[in-house]
Amino acid sequence: MNYQNMLVTLKAQATPELVEDIQNFIKKLEKERDSYLHQLLDSRDKLHTQDYQAENQAKVIEMTKTTLETYERENKALRALVREWV
């Protein structure tokens with residue numbers, strides 16, 4: 001940030017206590033910024049993981065559906081075969 005130039009100008013015009021308060025405030029804001037960035041990155045990672053899991057679950061559901069349809073066809077064929085025997 002360009003606040004370093006502002007602090008140099010402020011030191012010439014303001015009291016040392018005010019300059020110190022402003023520096024502390026800037027440090028606090030930087031810590032909050034870093035914290036929010038960390039939270040954002042964590043949230044992005046969680047969303048990416050959830051998207052991956054949802055995609056995998058959709059694939060499993062599709063495979064299960066295909067398997068069930070195959071079982072239904074086989075079951076109907078077996079029933080027809082049993083009817084022919086009886």
Query raised in the report: I22: what forms a side chain to side chain contact (heavy atoms under 4.5 Å, CB included) with it, not counting sequence neighbours?
Result: L7, L10, L18, I26
Donor-acceptor list for residues 42-63 side chains, cut-off 3.5 Å, not counting sequence neighbours:
| unit_1 | atom_1 | unit_2 | atom_2 | d |
| --- | --- | --- | --- | --- |
| D42 | OD2 | H38 | NE2 | 3.3 |
| S43 | OG | Q39 | O | 3.0 |
| T49 | OG1 | D45 | O | 3.0 |

Query - Residues that T70 engages under side chain to side chain donor-acceptor pair (under 3.5 Å), provided they are two or more places apart - result: R73
Requested in this report: Among Ile, Leu, Val, Met, Phe, Trp and Tyr joined by side-chain contacts under 4.5 Å, find the other residues sharing a cluster with W85 and list them by chain and number.
Outcome: L81
Query - Remaining members of the apolar cluster that contains F25, side-chain heavy atoms under 4.5 Å - result: L29
